[in-house]
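To start, the structure under review is shown below, and the notes come after it.
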Amino acid sequence: MAEYNPQAIEAKWQKRWEEARVFESEADPAKPKYYVLEMLPYPSGTLHMGHMRNYTIGDVVARVKRMRGFNVMHPMGWDAFGLPAENAAIKNNTHPRVWTNNNIVEFKRVLHLFGFSYDWRREISTCEPEYYRWNQWFFLRMLERGLAYRKKSRVNWCPKCATVLANEQVVNGGCWRHEDTPVEAKEIEQWFLKTTAYADQLLDDLQLLEGGWPERVITMQRNWIGKSHGAKVKFAVADVAGAEPIEVFTTRIDTVYGASALILAPNYPLVGKLLAGSPVEAEAQAKLAQIRQMSVKTADLAAAEKEGFFTGRYATNPFNGAQVPIWVGNFVLLEYGTGAIMAVPAHDQRDFEFASKYNLPKPIVVQPLAGEPLSAATQQEAYSEFGKSVNSGPYSGLETQAAIDKMAAEAEAKGFGRRETIFRLKDWGISRQRYWGTPIPVVYCAKDGLVPVPDAQLPVLLPANPKLTGMGESPLAATPEFVNTACPKCGGAARRETDTMDTFVDSSWYFYRYCDPQNDQAPYDSKKVGYWMPIDQYIGGITHAILHLLYSRFWCKVMRDLGLIQHSEPAARLFTQGMVLKGGTAMSKSKGNVVGAEEMARKFGCDTGRLYTLFAAPPEKDLEWSEQSIEGCARFLNRVFRLVDRHAGRLAGAPRAAADLATASEKERILLRKTHETLRRVTNDFETRWHFNSAIALIMELLNEIQAQEPLEEGVRPGVLQEALELVTLMLAPMVPHLAEELWEMLGHGNGLWTERWPDYNAELARAAEVEVAVQVNGRVRGRVRVAAGLGEEEVVARALEDAAIRGHVEGKRIVKRIVVPDKLVNLVVG
RNA sequence: GCCCGGGUGGCGGAAUGGCAGACGCUGAGGACUUAAAAUCCUCCGGGGAUUUUUCCUCAUGUGGGUUCGACUCCCACCCCGGGCACCA
C-alpha cells in the first residue's frame, strides 16, 4: 500500500506541467479568453500564508476556467521599486537592486513550491529599465497633454537629515531615525498628474463596475472622489488697497444672509496682506504663528479644538451689502474648495461651534417646514436640514432648493458668483526625492527651460552607483554624472530632474504589460491588449481599495484617450479577500507572528495548505490561522489518497459507467446519486458563489458517504466506483491540483488531468428516488415521512396524515391551510 | 459624526424565505495495539420529561413587525470590526 507523500507528488507534477507548458497561453481571437490576476507583490520579507491565500484563490479560479475551456492568462510579477529597498541599502550598505533581486529570487522559489498555474514567461519586474522606460513614455504623453505639471507642494522635511520624508517615515510627528527631531512642513516644486481632469469620469464610470466590484469599494471610491454641487461667491474686501475679493465655496448659498463671518485657511495667500496695517495686527500675527505651529498631521486636526482670530478687516456680502468680519480658522483647509468659507453658524455645526467660542452672532435664516421653529435664544446646535428661507431679503419664503437655484442664478447674473461643482479628489503628487524609482524624464536648461527627454533617448536610466545616505536633497541630485546632461534641444549644459516617480505609477498599468511583456517598441501591442483586457477577475486586499485601483482606473482612461485601448475600466470584476491572522492580527515581521509559506509546505505539503486556506473561512473574510485545523485538512487528503489507492488496482482504469438506475444495486444507487448531487452543488459553489469552503465540505460529505458503503468490492461494479472516484478527483483538481493529478494517474489515465474538462452532472442520477419530507403543524416540525420523489401534493399530505405523531397534533382540529414544498416540506395549518 | 461590513455551539463555520448548527477542529468514550502513534466507530447547544425508545421546550446580539413558516425580509436599538472624517 502506497503512502501519500505530498512533497514527492508535488515536485513530480510541477515538473510535468512545466515540461508540457500547461500554463502558457497566447492571444487567440478564436478562443474565449479569461484574464485572472492577483495583485502583484512587493518582494520583501518572507512569503507568508497571507500571500498564499491570495494566490490560491486566484489559482483555483484560473484552473476552473481552464477546465471550462477558456484561454486563461494568469501572470505574476514584482512591484520592485520602493522605499524599503533603499532603506535596507542604507542600513546594510548594499545596492537596492541586489536586495530587491535577492528577494525576488526567494519569492519565486517559494511560489514555485506551490505549483501556482502562472505563465512565467510573462513575468515582469517594475524596476527593470525595460519596464520603467514605459512609465517615462507615459509621463511624456501626459506632459504633452497638460496632464503632468509642476507646482509647489508641502512635504515632510527633517531638518537634521536635510531630507524629505515619506509619510510612513514620520513617526509621532518626528523623523523615524530620531523621533526627537520634529518634522517640518516645507514647500517644494513637485510633479503632479491631473487626476482631477478625470474626476467626473472616475465617478460616473463606477456604475460600470456595479455588480462586478464589491459595493463597499465602489462606495469608498465615490467618497474619495467626493463630488459636491454648490456655488462660489465673491466677497469684496473693504479698506485694503489691492486686495483681491475673497471667494468662498458653499453648498448652501441659500444661507448667505446668515453669514456672520468669512473664515480663511491659515495659509490662505491673502492673510499677510490683510494683517499688514490692521488695527489688531500684532495680536493677530502672534495668533497666526501659534496656529501654524500646531500639528502638521491632518489626522490630529480632526480632533483638535477649533482655533481662530479676527483679522481686523471686513468684507462685503454681495447679496445685502452687510459688512462681515474676516477671520482665520484652523479648521478651514486651503486644499479644499477655495480655502475660504462663509460662516453660517445657525446652519452649519462647525460654524456653530466656532461662533459659540468667539461670540459671533448666529442669525437664523432657514426655518424647518414642520415642527418647532428655531429660535436664537434656545438653539443648541446647527440646523443644517432643508427648510424655508427667512430673513433673507427677497428670497424669504422660498423653500431651500428654490432659494439655492434662484440665488445662484442671481449671483451669476450680477457677476459676483457662479454655480460650481467641486471635488475632494486632488491631483496625484508623483514626485519622490528618492533613488529607487523611475526617473522623471525631463531636463532643465538655462536657455530652453524645462525640456522633455525625447522618446528616442528613453529610458533615462538610474545611475548604477548612487551614494545612498538618507541625507540631503535626494540621491540623484547628489550624483553628478546623472544630473549633468546635455539639453536635448540646444545641446548646451543642462540639469536632469532628480525626482523619481511614486511606485503607484508602476502598479497602475502593469497588467497591460503582462499582455505583451517583451515589447521594445511600445508599452504594449494594442491588438494583444485588445484581446486580453480588461481583466476578468482581479483579486487582492481591501487595503488597495482606494489608491491603487483609482490610479489604475485613471491610467486606463488616459491610455484610452491616447488611442491605445478601447475600454474605459481595467477590471471587470474585483474580489477583495480577507487577511490571514495569527493571534488576532495580520501576519507581520514586526509582530513576529508570521507563518512562512515554505515552512508550511514542508510540514504538510502545499495542497494541504491550499485546501486549508480555502476551507477555513469564506474567501472574503479574515482567517485565523490554526495548526489543528490544517491537520484536519491533511487528514482528509490522506483519506482520499488511501481510498483511491485501495481500489485502483481492482478498477484498473475501468471505463466510467453511470450504470442505468434500473439495474443498479442499492449501493450503486446511493453512490451515483450522492456523487452527481455533490457535483451539481460544487459546480454552483465554484461558478456562481465562490463558496470554496462549502464546496470542500460537500466533497468531504461525499467521501464519507463513499466510505460508508464499504466494502466497495461487494455490490459495486468497477465502472460505477470509477465514476465516483473520478468525479471526486476532478472536483478536487482546482484546489489540490497535485494530488488530483496523482489520483488521476492512479485511476489509470495517462493523459494528465490538465487536459480534462470540468464534468457535467447527470440530473437524472442526481435526483433521489425517495425523499424525506418534513411535516410541520403550524410551522413546527412534528414528523417526517419518506415518500417517492416528485409525489403529488394530495398524496404527500395523505401520507403525512398517516403518521401517528402528526395525527396527534391534528386530531380534533380543522386543517385551515396546507403548504406543500415539493420533495421538501409539508405545513399543515390547523385552527 | 457619516458610510460600509458583521454578531449562529467550546472554536472555524453551514443553511440562496422551508427540518438551525452541514463539514471540519477541539473534547469525551470505545475498537485495534504489549504500548503509543496512525486509523476506525460512537457521542458532543441549553433546560425538562421519559430508566428504555423517544418526546416537549428554549435558542441564530436585543425588542418589535411581515409571513402558513424568518439566521434569512422590514423597523428600532445594542455590541464588534473596517473605511472616511472640521470636505464648507
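Chain identifiers are assigned alphabetically (A, B, ...) following the order of the sequence lines, protein sequences preceding nucleic acid strands; residue numbering begins at 1 within each chain. This one's a predicted model, so the numbers in the text were calculated from it and none came from an experiment.
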Review point. Under 4.0 angstrom, heavy atoms only, what part of the nucleic acid is A:Pro214 near: base, sugar-phosphate, or nothing?
Key: nothing

Exercise for review: Using a strict 4.0 Å threshold on nitrogen-to-oxygen distance, state whether A:Arg252 and A:Asp348 make a salt bridge.
Suggested key: no

Study note, to complete from the structure: Of the candidates B:A88, B:G83, B:G18, the side chain of A:Thr251 sits closest to B:A88

Point to revise | Residue pair A:Leu611 / A:Cys633: nearest heavy atoms and the distance that separates them | key: CD2-CB, 3.9 Å

Practice item. Examine A:Phe575 together with A:Trp213 and report whether their ring centres are nearer than 6.0 Å. Key: no

Check your understanding: Would A:Glu307 and A:Lys357 pass as an ion pair if we require N to O under 4.0 Å?
Key -> yes

Exercise for review: Tell me whether the centres of the aromatic rings in A:Trp428 and A:Tyr551 are closer together than 6.0 Å.
Suggested key: yes

Exercise for review: For B:U72 versus B:G61, give the span between their P atoms, rounded off to a whole number of Å.
Suggested key: 8 Å

Exercise for review: Using the P atom as the reference point in each nucleotide, state the distance between B:A28 and B:U60 in Å, no decimals.
Suggested key: 30 Å

Exercise for review: Would you mind telling me which of B:A14, B:A85, B:A88 lies closest to the side-chain atoms of A:Pro618?
Suggested key: B:A14

Practice item. For A:Val821, report the nucleic acid contact type (base, sugar-phosphate, nothing); a contact means any heavy atom under 4.0 Å. Key: base

**Study point:** Gap in Å between the two C1' atoms, one belonging to B:C19 and one to B:G12, rounded
**Key:** 24 Å

Check your understanding: Where the side chain of A:Lys306 is concerned, which of B:U57, B:C86, B:G83 is the nearest nucleotide?
Key -> B:C86

Check your understanding: Would A:Arg646 and A:Glu710 pass as an ion pair if we require N to O under 4.0 Å?
Key -> yes

Check your understanding: Within the structure, does a side-chain N or O atom of A:Arg681 lie under 4.0 Å from either OP1 or OP2 of B:A14?
Key -> no

Exercise for review: Compare side-chain N and O positions of A:Arg424 against OP1 and OP2 of B:A85 and report whether any pair is under 4.0 Å apart.
Suggested key: yes

Review point. With distance as the sole criterion, do the side chain of A:Lys817 and the base of B:C68 form a donor-acceptor contact below 3.5 Å?
Key: no

**Study point:** More than 12 heavy atoms of other groups within 6.0 Å of A:Arg814 CZ
**Key:** no

Check your understanding: Can you find a side chain N or O atom of A:Arg689 that sits less than 4.0 Å from OP1 or OP2 on B:U16?
Key -> yes

Check your understanding: For RNA chain B, whose closest nucleotide is more 5', that of A:Trp224 or that of A:Lys824?
Key -> A:Lys824

Check your understanding: With distance as the sole criterion, do the side chain of A:Asn684 and the base of B:U16 form a donor-acceptor contact below 3.5 Å?
Key -> yes

Study note, to complete from the structure: Of A:Leu334 and A:Gly779, the one whose nearest nucleotide on RNA chain B sits closer to the 5' end is A:Gly779

Review point. Reckon A:Thr338 touches a base, only the sugar-phosphate, or nothing at all at heavy-atom distances under 4.0 Å?
Key: nothing

Review point. Base, sugar-phosphate alone, or nothing: which one does A:Glu620 contact when heavy atoms must sit under 4.0 Å apart?
Key: nothing

Review point. P atom, B:A14 versus B:U66: distance in rounded Å?
Key: 31 Å

Exercise for review: Between B:G13, B:A88, B:U39, spot the one nearest the side chain of A:Arg642, thanks.
Suggested key: B:U39

Practice item. Determine the contact category for A:Glu772: base if any of its heavy atoms lies under 4.0 Å from a base atom, sugar-phosphate if only primed atoms, P, OP1 or OP2 are that close, otherwise nothing. Key: base

Exercise for review: Give A:Arg780 one of three labels, base, sugar-phosphate or nothing, depending on what nucleic acid heavy atoms sit under 4.0 Å from its own.
Suggested key: sugar-phosphate

Check your understanding: Do the charged groups of A:Lys674 and A:Glu677 touch, with an N to O distance under 4.0 Å?
Key -> no

Review point. Just checking A:Val816: base, sugar-phosphate only, or nothing, at a heavy-atom cut-off of under 4.0 Å?
Key: nothing

Revision key, fill the gap. Readout for nucleotides 21-30 of chain B: B = base within 4.0 Å of protein heavy atom, S = sugar-phosphate only, - = neither; 5' to 3' it is -BBSSS----

Check your understanding: With a 4.0 Å cut-off on heavy atoms, is A:His347 in touch with a base, just the backbone sugar-phosphate, or nothing at all?
Key -> nothing

Exercise for review: Taking atom C1' in both B:U16 and B:C80, compute the distance separating them and give it to the nearest angstrom.
Suggested key: 26 Å

Review point. If you measure from the P atom in B:C71 to the same atom in B:G63, how many Å do you get, rounded?
Key: 13 Å

Exercise for review: Respond yes when some side-chain nitrogen or oxygen of A:Lys621 is under 4.0 Å from OP1 or OP2 of B:G6, and no when none is.
Suggested key: no

Check your understanding: Looking only at heavy atoms, which two atoms of A:Ala403 and A:Asp254 are closest? And how far apart?
Key -> CB-CB, 3.7 Å

